[in-house]
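What follows is a short report on a single structure.
What you see is a predicted model, and the numbers here were worked out from it, not measured in a lab. All values below come from the heavy atoms of this structure, side chains included, with hydrogens, waters and symmetry mates left out. The first residue in the sequence is number 1, and the count goes up from there.
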Amino acid sequence: QVQLVESGGGLVQAGDSLRLSCVGSGRTISGYTMGWFRQAPGKERDVVAAINWSGSSTHYADSVKGRFTISRDNAKNTVYLQMNSLKPEDTAVYYCAADARIFRVTVVTGAKEYDYWGQGTQVTVSS
């Protein structure tokens, strides 16, 4: 079993930056595709960014391209989401997730593809 814990959320102003971290425990996540999802009130949980096990393939939602960067440090069992130029519409609970099918080359983006989820961290961007 894998446990994922997110951190780094908070209240910021538009234009500011935040760096989210997701630490895995229980077993190594180095072979897993990892994703960041977000869910705003009344909306579905959508993918923000995802990265394959080696970091050679990434995916970004159109709304965050050029502003957000996903990365991973397998030695630290950690995945990051660097968020720059934040906008009020980025306000949501951000979740880290792991796809347990190891060593996938391509990145999956559907929430149903992911097996393990963190508890979420709130990001609020004021205008």
Side-chain angles (χ1 to χ4, degrees):
Q1 192 73 303
V2 173
Q3 292 79 44
L4 302 173
V5 178
E6 304 97 334
S7 62
L11 171 63
V12 296
Q13 293 186 332
D16 286 350
S17 298
L18 279 175
R19 188 195 197 199
L20 304 184
S21 299
C22 170
V23 180
S25 63
R27 65 175 62 178
T28 179
I29 62 172
S30 61
Y32 297 166
T33 292
M34 299 297 296
W36 284 99
F37 290 75
R38 67 186 180 188
Q39 188 168 21
K43 295 188 176 182
E44 294 185 353
R45 188 174 298 188
D46 292 324
V47 67
V48 175
I51 187 168
N52 73 340
W53 67 277
S54 66
S56 63
S57 181
T58 58
H59 168 84
Y60 294 95
D62 288 342
S63 59
V64 307
K65 282 181 181 177
R67 299 189 297 124
F68 290 10
T69 302
I70 188 170
S71 62
R72 65 190 303 159
D73 185 337
N74 286 337
K76 295 183 178 179
N77 231 31
T78 302
V79 179
Y80 304 98
L81 185 67
Q82 178 67 43
M83 304 187 295
N84 299 330
S85 302
L86 282 162
K87 303 176 181 180
E89 50 263 44
D90 294 319
T91 295
V93 177
Y94 283 70
Y95 298 92
C96 173
D99 166 17
R101 284 158 284 273
I102 62 172
F103 303 134
R104 272 191 169 182
V105 175
T106 56
V107 173
V108 293
T109 60
K112 294 181 179 180
E113 300 280 351
Y114 287 79
D115 303 287
Y116 302 108
W117 292 84
Q119 82 290 349
T121 185
Q122 177 71 46
V123 172
T124 302
V125 185
S126 63
S127 58

Discussion item. Working to the nearest 0.5 angstrom, can you tell me the gap between Met34 CE and Leu81 CG?
Written reply: 11.5 Å

Discussion item. Tell me every residue that passes side chain to side chain contact (heavy atoms under 4.5 Å, CB included) with Thr69, counting only those two or more places apart in sequence or in another chain.
Written reply: Tyr60, Gln82

Fill in: Minimum heavy-atom distance between Val105 and Ser57, given as atom pair plus value
O-CB, 3.6 Å

Fill in: Exercise: identify the closest heavy-atom pair between His59 and Val107
CB-CG1, 4.0 Å

Discussion item. If the condition is ring-ring contact (aromatic ring centres under 6.0 Å, His included), which residues does Tyr94 pass it with, not counting sequence neighbours?
Written reply: none

Worksheet item: How many angstroms lie between CG in Asp73 and OH in Tyr80, if you round to the nearest 0.5 Å?
Response: 5.0 Å

Worksheet item: side-chain hydrogen bond (donor to acceptor under 3.5 Å, both in side chains) with Ser127: which residues, sequence neighbours excluded?
Response: none

Worksheet entry | For Thr58 against Ile51, the heavy-atom pair lying closest together | CG2-CG1, 3.8 Å

Practice prompt. Group every Ile, Leu, Val, Met, Phe, Trp and Tyr by side-chain heavy-atom contacts under 4.5 Å, then state whether Phe103 and Tyr116 land in the same group.
Written response: yes

Discussion item. Please determine whether side chain to side chain contact (heavy atoms under 4.5 Å, CB included) holds for the pair Glu6 and Leu20, giving the CA-CA distance in whole Å, both sets of side-chain angles, and the decisive distance to 0.1 Å.
Written reply: CA-CA 7 Å; Glu6 304 97 334; Leu20 304 184; over 6 Å; no

Fill in: Trp36 to Ile70 - nearest heavy-atom pair and separation
CD1-CD1, 3.6 Å

Response to the item:
Hits for side chain to side chain contact (heavy atoms under 4.5 Å, CB included) against Ser56, two or more places apart or cross-chain, chain-then-number order -> Asn52, Ser54

Practice prompt. Give a yes or no on whether Val2 and Trp53 share a hydrophobic cluster (residues Ile, Leu, Val, Met, Phe, Trp, Tyr; joining criterion: side-chain heavy atoms under 4.5 Å apart).
Written response: yes

Discussion item. Does any part of the side chain of Gln122, heavy atoms only, come nearer than 4.5 Å to the side chain of Thr91, both counted from C-beta?
Written reply: yes

Discussion item. Per the salt bridge (Lys or Arg N to Asp or Glu O under 4.0 Å) rule, what does the pair list look like for residues 18-39, sequence neighbours excluded?
Written reply: Arg38-Asp90

Fill in: Contacts of Lys65 that satisfy salt bridge (charged side-chain N to carboxylate O under 4.0 Å, His left out) - sequence neighbours left out
Asp62

Item to complete: State yes or no: do Val93 and Val47 share one hydrophobic cluster built from I, L, V, M, F, W and Y residues joined by side-chain heavy-atom distances below 4.5 Å, directly or via other members?
Response: yes

Practice prompt. Could I get the full list of salt bridge (charged side-chain N to carboxylate O under 4.0 Å, His left out) partners for Asp16, not counting sequence neighbours?
Written response: none

Practice prompt. With sequence neighbours excluded, give me every disulfide bond (SG atoms under 2.5 Å apart) pair touching residues 65-127.
Written response: Cys22-Cys96

Worksheet item: Partners of Arg104 by salt bridge (charged side-chain N to carboxylate O under 4.0 Å, His left out), sequence neighbours excluded?
Response: Asp99, Glu113

Discussion item. Determine whether Arg101 and Asp115 satisfy the following criterion, side chain to side chain contact (heavy atoms under 4.5 Å, CB included), listing intermediate values before the conclusion.
Written reply: CA-CA 9 Å; Arg101 284 158 284 273; Asp115 303 287; 3.5 Å; yes

Fill in: Value rounded to 0.5 Å, distance of OH in Tyr32 from CG in Asn74
12.0 Å

Worksheet, complete the sentence: Residue set satisfying side-chain hydrogen bond (donor to acceptor under 3.5 Å, both in side chains) with Glu89, at least two apart, ordered chain then number -> none

Worksheet item: Any idea which heavy atoms bring Thr78 and Ser21 closest together, and the distance?
Response: CG2-CB, 4.4 Å

Discussion item. Suppose the criterion is disulfide bond (SG atoms under 2.5 Å apart): which pairs have a residue in residues 26-64, not counting sequence neighbours?
Written reply: none

Worksheet item: What are the two closest heavy atoms between Leu86 and Arg67, and how far apart are they?
Response: CA-NH1, 3.9 Å

Worksheet entry | Distance in Å, Phe37 CZ paired with Tyr95 OH, rounded so as to fall on 0.5 Å steps | 12.0 Å

Discussion item. Going by side chain to side chain contact (heavy atoms under 4.5 Å, CB included), name the residues that satisfy it together with Asn77, two or more places apart in sequence or in a different chain.
Written reply: Thr28, Ile29

Worksheet item: Rounded to the nearest 0.5 Å, what separation is found between the OG1 atom of Thr109 and the OH atom of Tyr114?
Response: 7.0 Å

